[in-house]
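Take a look at the structure set out below.
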2 protein chains.
Amino acid sequence: MNPSPRKLEIISVASTLFKEKGYSAVTMRDIAKVMGIKAASLYNHIKNKEEILTFIIISLAEEFIDGLEKIKSGNNDCIYKLKQIIILHVDISSRNTNGMASLNNDWMHLKDQLNHYLALRMEYENSFRNIISEGILKNEIKNINPDIMVFSILSTLRSLYLWVPKKDDMEPTLLAANLSEVLLKGINK
Amino acid sequence: MNPSPRKLEIISVASTLFKEKGYSAVTMRDIAKVMGIKAASLYNHIKNKEEILTFIIISLAEEFIDGLEKIKSGNNDCIYKLKQIIILHVDISSRNTNGMASLNNDWMHLKDQLNHYLALRMEYENSFRNIISEGILKNEIKNINPDIMVFSILSTLRSLYLWVPKKDDMEPTLLAANLSEVLLKGINK
DNA sequence: AACGTAAACTAACAATCGTTAGTTAAAATT
DNA sequence: AATTTTAACTAACGATTGTTAGTTTACGTT
């Protein structure tokens with residue numbers, strides 16, 4: 001069964017608060033106050049606090065997995081795939097600046113779905129590294145430790161949620177293009 | 001008056017727990033348990049929970065400010081200064097992988113010193129951006145939006161605390177060198 | 001008009017939170 | 001030897017936590 005509109009509203013409000021203070025510092029009463037209702041009323045729509053966090057994190061994680069799957073399946077060179085990954089991150093992060101905070105910082109508070117999340121993350125990072133390694137083999141990418149390249153690029157992409165809201169005048173397309181230039185070709189002239 | 005050894009021990013234990021679960025999710029009883037004492041006994045050494053967080057964050061922030069100040073004052077070209085900044089981050093992050101987690105994720109729970117921290121952070125980012133902008137003027141650095149370059153590089157450097165412990169076999173010097181190559185000249189061959 | 005449901009409410013629960021007060025035992029200082 | 005200091009302890013505080021139970025109100029459907 002799909003989440004009701006009211007439930008999505010609660011999740012959206014919670015995401016905003018989770019970004020501001022982190023999951024642990026946000027109380028059900030905080031969420032309820034923004035919703036304009038009492039804390040107990042939240043439980044007409046959600047099972048518990050954990051369910052909110054789980055929904056935020058798992059749906060975003062799966063969106064990334066799906067996006068990467070499509071990119072992998074395309075028959076393109078590695079640099080092009082990396083550009084698509086950058087676009088994927090700019091896109092998802094721009095549409096979910098709040099939820100991305102939980103995905104990055106509050107995943108350790110998952111219970112039931114913690115292992116599932118960790119598996120998805122490992123799958124994502126492995127696929128990312130494979131694209132880099134393939135690029136090295138095909139002589140498209142410099143022969144540097146692939147782990148360092150994955151770490152460097154992914155760190156930037158994972159921080160987009162903090163940065164995009166401060167530059168909401170900048171078009172996602174332009175941002176992705178500039179990021180590709182910086183991340184792939186560097187800043188040195 | 002300098003912090004006593006016992007106080008530093010508490011702060012160190014707290015840092016470890018703060019990295020694992022975040023400041024808000026760590027209780028004084030958690031810290032005490034690892035110390036092998038009761039929660040109330042912590043208060044013989046520290047004023048309150050907030051003081052622990054403040055010490056961790058402010059001392060690290062000041063270490064970054066001091067390091068950047070020395071780099072700025074040197075009469076070197078901008079690319080060299082950026083390489084020094086990368087070394088600075090690798091150095092501080094390697095020696096404080098736990099505390100860096102609080103600096104990055106728990107600063108919003110500061111009270112008395114929140115404004116001080118925000119001022120230091122703004123000062124740091126401004127200095128960073130000035131180095132980039134100067135590099136563009138001197139034709140050392142590509143003429144792309146400096147904000148994007150600052151964001152990109154700083155995001156990677158700020159994530160080092162997560163990555164260094166997973167690669168503790170890698171020498172900091174080598175890591176800094178590889179990072180300089182990737183961040184400044186890109187990965188594209 | 002009667003009924004059922006959705007979504008709010010009040011009230012309260014046991015658990016846990018940061019913190020304080022007062023005490024004790026050992027170590028350091030006089 | 002007497003005294004002060006350090007650092008632990010027990011016990012408890014009021015506040016807040018996530019959550020449950022039971023109730024009320026409004027609305028759509030019969």
Side-chain angles (χ1 to χ4, degrees), chain A residues 1-58 101-102 105-114, chain B residues 1-58 101-102 105-114:
Chain A
M1 198 141 75
N2 275 358
S4 71
R6 192 64 169 159
K7 181 167 180 173
L8 292 175
E9 212 179 333
I10 292 172
I11 291 168
S12 169
V13 165
S15 299
T16 309
L17 296 175
F18 291 169
K19 185 186 179 191
E20 284 173 17
K21 311 199 293 173
Y23 173 74
S24 302
V26 174
T27 70
M28 298 303 281
R29 287 165 178 85
D30 289 337
I31 300 171
K33 180 162 271 181
V34 176
M35 292 291 298
I37 60 179
K38 300 290 172 182
S41 305
L42 294 171
Y43 290 83
N44 286 318
H45 307 280
I46 54 136
K47 210 169 99 248
N48 50 34
K49 191 186 179 189
E50 187 200 345
E51 193 204 14
I52 302 177
L53 183 70
T54 303
F55 183 92
I56 294 170
I57 291 181
I58 297 299
S102 297
N105 304 319
D106 286 321
W107 54 267
M108 70 285 281
H109 299 115
L110 292 174
K111 291 179 188 154
D112 282 4
Q113 301 272 53
L114 176 58
Chain B
M1 200 140 74
N2 275 357
S4 70
R6 192 64 169 157
K7 181 167 181 172
L8 292 175
E9 212 179 332
I10 292 171
I11 290 168
S12 170
V13 164
S15 299
T16 308
L17 296 175
F18 292 169
K19 185 187 179 190
E20 284 172 15
K21 311 199 292 173
Y23 174 74
S24 301
V26 174
T27 71
M28 298 302 282
R29 287 167 178 84
D30 290 336
I31 300 171
K33 181 162 271 181
V34 176
M35 292 291 298
I37 60 179
K38 300 291 172 183
S41 304
L42 294 170
Y43 290 84
N44 285 319
H45 307 280
I46 54 137
K47 209 168 98 252
N48 50 35
K49 192 187 179 189
E50 186 200 344
E51 193 203 16
I52 302 176
L53 183 70
T54 303
F55 183 92
I56 294 170
I57 291 180
I58 297 298
S102 297
N105 304 318
D106 286 321
W107 55 266
M108 70 284 281
H109 299 114
L110 292 175
K111 291 178 189 156
D112 283 4
Q113 301 272 52
L114 176 57

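Worth knowing before you read on, the calculation uses all heavy atoms, side chains too, and leaves out hydrogens, waters and symmetry mates.
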Which atoms of nucleotides 7-9 of chain D (N or O only) lie under 3.5 Å from a protein N or O atom, and what are those distances?
{"unit_1": "D:dA8", "atom_1": "OP1", "unit_2": "B:R6", "atom_2": "NE", "d": "3.1"}
{"unit_1": "D:dA8", "atom_1": "OP1", "unit_2": "B:R6", "atom_2": "NH2", "d": "2.8"}
{"unit_1": "D:dA8", "atom_1": "OP2", "unit_2": "B:H45", "atom_2": "NE2", "d": "2.5"}
{"unit_1": "D:dA8", "atom_1": "N7", "unit_2": "B:N44", "atom_2": "ND2", "d": "2.4"}
{"unit_1": "D:dC9", "atom_1": "OP2", "unit_2": "B:K38", "atom_2": "N", "d": "2.6"}
{"unit_1": "D:dC9", "atom_1": "OP2", "unit_2": "B:S41", "atom_2": "OG", "d": "2.9"}

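- First and last contacts of DNA chain C with chain A, using any nucleotide atom under 4.0 Å from a protein heavy atom and ordered 5' to 3', fall at C:dA7 to C:dA12.
- Side-chain contact check for B:I10 versus B:K7: every heavy-atom pair is 4.5 Å or farther apart.
- To the nearest angstrom, C1' of D:dT17 lies 13 Å from NZ of A:K21.
- In this structure a side-chain-to-backbone donor-acceptor pair under 3.5 Å is present from A:S15 to A:I11.
- The two residues B:I52 and B:F18 have their closest heavy-atom pair at CG2-CE1, 4.0 Å.
- For the segment residues 105-112 of chain B, no residue has any heavy atom less than 4.0 angstrom from an atom of DNA chain D.
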side-chain contact (heavy atoms from CB on, under 4.5 Å) assessment of A:I46 paired with A:M28: CA-CA 11 Å; A:I46 54 136; A:M28 298 303 281; 3.6 Å; yes
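- When rounded to the nearest whole Å, the span between CZ of A:R29 and C1' of D:dT20 equals 12 Å.
- Scored by the side-chain hydrogen bond (donor to acceptor under 3.5 Å, both in side chains) test, B:S24 finds B:H109 as partners (sequence neighbours excluded).
- Inter-residue side-chain proximity for B:E20 and A:M108 is flagged as unmet; no heavy-atom pair is nearer than 4.5 Å.
- Counting heavy atoms from C-beta on, the side chains of B:D112 and B:E50 come closer than 4.5 Å.
- Shown here are the side-chain hydrogen bond (donor to acceptor under 3.5 Å, both in side chains) partners of B:T16, two or more places apart in sequence or in another chain: B:N98.
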Which atom pairs, donor and acceptor, lie under 3.5 Å between side-chain atoms of residues 29-43 of chain B and protein residues at least two apart or in another chain?
{"unit_1": "B:D30", "atom_1": "OD1", "unit_2": "B:T27", "atom_2": "OG1", "d": "3.4"}
{"unit_1": "B:D30", "atom_1": "OD2", "unit_2": "B:T27", "atom_2": "N", "d": "3.0"}
{"unit_1": "B:D30", "atom_1": "OD2", "unit_2": "B:T27", "atom_2": "OG1", "d": "3.3"}

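- Here CG of A:L110 is found 4.0 Å from CD1 of A:I57. Values are rounded to the nearest 0.5 Å.
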